[in-house]
Protein chains: 2
Amino acid sequence: MSKATIKQVAAAADVSTATVSRVLNESGYVSDEVRERVMEAVDRLNYQPSAIARSLKQDKTFMIGVIVPDISNPYFMGISRGIEDVVGPEGFQLMFGSSDENPDKEERLLQLFQEKRVDAIVLATAGGNDGTVRRLADAGVPIVLVDRKLEEDDEGAGLDLVAEDNAEGAFRLASQLLEDGHVRIGVVNGPARASTGRERYDGVLQALRAHGVTTEPIVYNGEFSTEDGILAVRKFLAAEPRPTAVISLNNRMSLGVLLEIVRNGLRIPGDMAVASFGEVEAGSLLKEPGLYYIDQRPYEMGTRAGELLLRRIDAKGEALEPAVEIFRHEVNRLN
Amino acid sequence: MSKATIKQVAAAADVSTATVSRVLNESGYVSDEVRERVMEAVDRLNYQPSAIARSLKQDKTFMIGVIVPDISNPYFMGISRGIEDVVGPEGFQLMFGSSDENPDKEERLLQLFQEKRVDAIVLATAGGNDGTVRRLADAGVPIVLVDRKLEEDDEGAGLDLVAEDNAEGAFRLASQLLEDGHVRIGVVNGPARASTGRERYDGVLQALRAHGVTTEPIVYNGEFSTEDGILAVRKFLAAEPRPTAVISLNNRMSLGVLLEIVRNGLRIPGDMAVASFGEVEAGSLLKEPGLYYIDQRPYEMGTRAGELLLRRIDAKGEALEPAVEIFRHEVNRLN
DNA sequence: TCTGAGTGTGTAATCGATTACGTACTCGTT
DNA sequence: AACGAGTACGTAATCGATTACACACTCAGA
């Protein structure tokens with residue numbers, strides 16, 4: 001009862017495999033009578049063509065590998081949805097891998113995807129794999145970078161790139177706190193491997209300088225996890241003198257920041273002001289309004305990435321000049 | 001510079017393709033000298049074997065299809081992590097599909113996964129595809145149901161099943177509210193297609209009966225989305241008489257419930273008590289403690305599902321008697 | 001010396017599709 | 001009547017690996 005092959009269908013319908021293929025793909029000429037015989041055989045045998053065999057012959061898998069640092073982050077899920085909504089209608093299926101911010105795991109995924117012969121790769125890199133990425137690109141695998149740049153180069157380094165204006169966003173976010181009179185600011189930063197972390201932190205420093213603040217900010221370096229936000233707040237609360245505001249450079253960490261501040265019975269922004277790069281879905285559960293945040297547009301970034309993917313896949317390896325798309329944003333205040 | 005084949009490697013190392021294959025798979029005998037020549041050719045040509053070709057020959061893709069109703073729900077992400085942590089070390093890669101609670105989309109995914117010849121399928125069904133599921137199972141595709149049963153049958157219907165004791169959990173959850181003196185309770189229910197929705201709602205009804213409550217609960221039927229929680233609360237607040245407690249039968253909807261109650265300036269549980277089937281990650285952001293919830297154990301469910309998968313894959317189509325695993329839980333109170 | 005087990009390597013079939021090419025028939029045109 | 005275009009279908013090569021089988025050689029034990 002299992003897996004019928006095209007040969008069996010051909011035999012059952014008393015035609016050649018070529019004809020069966022023609023019927024199923026609606027290519028070439030087939031008489032109505034034969035078509036019907038084939039169709040009948042197809043669903044009598046419950047035949048499902050093997051995408052494996054097809055891919056081998058056609059050198060096309062209709063699969064797109066997506067590598068993100070944290071699959072449970074709504075931000076990356078948003079990007080994925082955007083990609084899928086664009087490439088899905090063209091017949092492509094996404095294949096996910098989460099690197100968990102771990103460059104080694106990311107490298108394994110890149111390798112795996114190449115072996116699986118995905119038609120293209122979307123990469124939000126955890127960093128540290130410039131060499132592997134370049135090898136793949138040289139081997140002709142279409143690659144679109146999202147959210148994060150490679151380490152070595154400041155531009156997409158010859159690859160398509162869809163990212164955000166991190167420095168500018170962080171600058172504005174920090175400026176808000178500064179204009180509210182905060183001077184001692186705790187910064188919850190991500191790993192230096194991630195270009196987003198580096199750029200956003202630079203933006204904060206620039207804002208401090210622009211506002212004539214010379215005291216060094218107190219910094220916590222984490223891995224973009226909720227737990228990191230919690231630990232950062234603990235560090236800040238124990239600091240002397242204690243900061244009056246926290247700026248968190250990633251949405252997951254922001255949630256941790258909020259949870260820990262609330263757990264300590266402090267009020268936001270009364271006792272501790274908070275600014276977040278990225279929205280916190282449940283932020284409105286807070287007692288009082290006043291949370292500053294930058295709302296990113298992951299879905300739009302995803303659709304744009306999807307378009308770039310299709311463009312590259314259509315180009316079939318021909319050299320295209322790399323597209324770079326930078327999303328800008330505004331600072332918002334909750335409620 | 002692109003895609004070298006095993007034939008090119010063989011030529012470069014001046015051996016047959018069989019020998020190259022033996023070197024790469026460490027099977028059969030190969031002399032040290034030849035092995036070295038081959039290895040050298042492999043990385044000089046930057047050769048990556050084609051998983052496509054291998055899969056065709058070996059009838060094994062090392063891919064496991066995972067179909068969930070909502071990929072952005074941390075609950076299903078937890079299950080997925082559990083699965084991955086068990087099957088990953090055995091060389092399997094997960095391939096995701098989100099049905100968005102849509103039976104048609106789910107059917108397309110089932111079909112797609114069969115064509116891609118995944119080695120097994122994990123299904124948290126949106127409902128309405130009993131026929132297709134059974135066809136796949138008959139065709140020899142190992143299938144493990146998680147979280148939700150098929151519609152027709154009360155047991156796994158001959159398939160492996162990892163689920164929760166929904167009726168019991170909902171019974172306890174509702175009982176808490178009842179014991180606190182609530183009589184008018186708003187129930188935020190999911191679609192009847194989902195077995196979880198049906199069973200949990202039954203549990204609530206049983207609790208009402210057991211506590212001698214005869215007034216009909218006021219019910220909102222949604223699709224397990226956050227938006228549904230919001231709409232449900234609007235309905236309840238407009239009802240006359242207004243319920244004093246809400247029980248939400250799914251974590252996503254619970255978040256919506258909390259958000260909308262807070263948005264209306266009401267206190268939890270003072271003005272409106274809330275009980276949730278499933279944890280709400282950011283629940284602790286609430287002003288006051290008092291949220292009842294059942295904490296599910298998606299990760300453990302995932303690992304169990306992973307084990308069942310491996311068992312079935314190892315069995316290679318031999319009939320195994322179906323395993324059914326039901327997780328039970330306790331009611332907790334936040335803070 | 002003969003035998004058989006253990007090594008080392010190549011030849012060719014195979015997996016399940018697609019597709020280039022060839023053949024044959026039917027018409028309408030000139 | 002000859003020709004070319006359009007229609008209908010089959011044969012066999014092909015994609016890139018794995019693997020059954022065959023062959024050849026080495027060496028230890030009888």
Side-chain angles (χ1 to χ4, degrees), chain A residues 2-39 41-42 45-63 91 112 114-119 139-140 316, chain B residues 2-39 41-42 45-63 91 112 114-119 139-140 316:
Chain A
S2 52
K3 45 198 163 194
T5 74
I6 198 175
K7 211 177 296 186
Q8 295 172 34
V9 173
D14 197 34
V15 296
S16 73
T17 61
T19 299
V20 176
S21 179
R22 276 190 281 257
V23 171
L24 266 46
N25 300 296
E26 307 186 11
S27 65
Y29 297 107
V30 180
S31 69
D32 289 349
E33 192 236 326
V34 165
R35 185 193 320 279
E36 217 156 300
R37 277 219 312 280
V38 170
M39 286 308 217
V42 161
L45 298 184
N46 192 13
Y47 168 69
Q48 305 286 135
S50 161
I52 299 293
R54 178 185 297 128
S55 291
L56 178 59
K57 180 68 169 113
Q58 300 189 329
D59 195 28
K60 198 140 199 299
T61 56
F62 284 101
M63 306 252 310
L112 178 76
Q114 193 186 7
E115 291 190 359
K116 297 268 188 204
R117 298 293 191 264
V118 295
D119 291 336
K316 288 176 182 288
Chain B
S2 52
K3 46 199 164 196
T5 74
I6 198 175
K7 212 176 293 185
Q8 294 171 36
V9 173
D14 197 33
V15 295
S16 73
T17 62
T19 299
V20 176
S21 178
R22 277 190 281 257
V23 170
L24 267 46
N25 299 297
E26 306 186 14
S27 65
Y29 296 109
V30 180
S31 68
D32 288 349
E33 191 237 324
V34 165
R35 186 193 318 281
E36 217 156 300
R37 278 219 312 279
V38 170
M39 286 308 215
V42 161
L45 297 184
N46 193 12
Y47 169 68
Q48 305 286 135
S50 162
I52 299 293
R54 178 185 298 128
S55 291
L56 179 59
K57 181 67 168 103
Q58 300 188 329
D59 196 28
K60 199 144 198 301
T61 56
F62 284 100
M63 305 253 311
L112 179 75
Q114 194 187 7
E115 291 190 358
K116 297 267 188 204
R117 298 294 192 261
V118 296
D119 291 335
K316 288 175 180 289

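Only heavy atoms go into these numbers, but all of them, side chains included; no hydrogens, no water, no symmetry mates. Reminder, nothing fancy here: chain letters follow the sequence lines and each chain counts from 1.
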* **side chain to side chain contact (heavy atoms under 4.5 Å, CB included) between B/Ile52 and B/Leu56, intermediate numbers included** => CA-CA 6 Å; B/Ile52 299 293; B/Leu56 179 59; 5.8 Å; no

* **Residues which pass ring-ring contact (aromatic ring centres under 6.0 Å, His included) with A/Phe62, listed by chain and number, not counting sequence neighbours** => A/Phe92

* Asked: Any side-chain N or O of A/Thr19 under 4.0 Å from OP1/OP2 of D/dG10?
  -> yes

* Output yes when a side-chain donor or acceptor of B/Arg37 lies under 3.5 Å from a complementary backbone atom of B/Ala13, and no otherwise. => yes

* Under 3.5 Å donor-acceptor, B/Thr17 side chain and B/Ile6 backbone -> no

* **Side chain to side chain, A/Lys116 and A/Thr61, heavy atoms closer than 4.5 Å** => no

* Asked: Quick one: are B/Arg117 and B/Ser55 in side-chain contact, heavy atoms under 4.5 Å?
  -> no

* Asked: Could you run down nucleotides 13-18 of chain D 5' to 3' and tag each one B, S or - for protein heavy-atom contact under 4.0 Å?
  -> -BBBSB

* For B/Val30 and B/Val23, which heavy atoms make the closest approach, and how far apart are they? -> CG1-CG2, 3.8 Å

Tabulated below should be each protein N or O lying under 3.5 Å from an N or O of nucleotides 3-8 of chain C; please produce it.
unit_1, atom_1, unit_2, atom_2, d
C/dT7, OP2, B/Tyr29, OH, 2.6

* Would one find more than 12 heavy atoms of other residues, nucleotides or ligands at under 6.0 Å from atom CD of A/Glu36? -> no

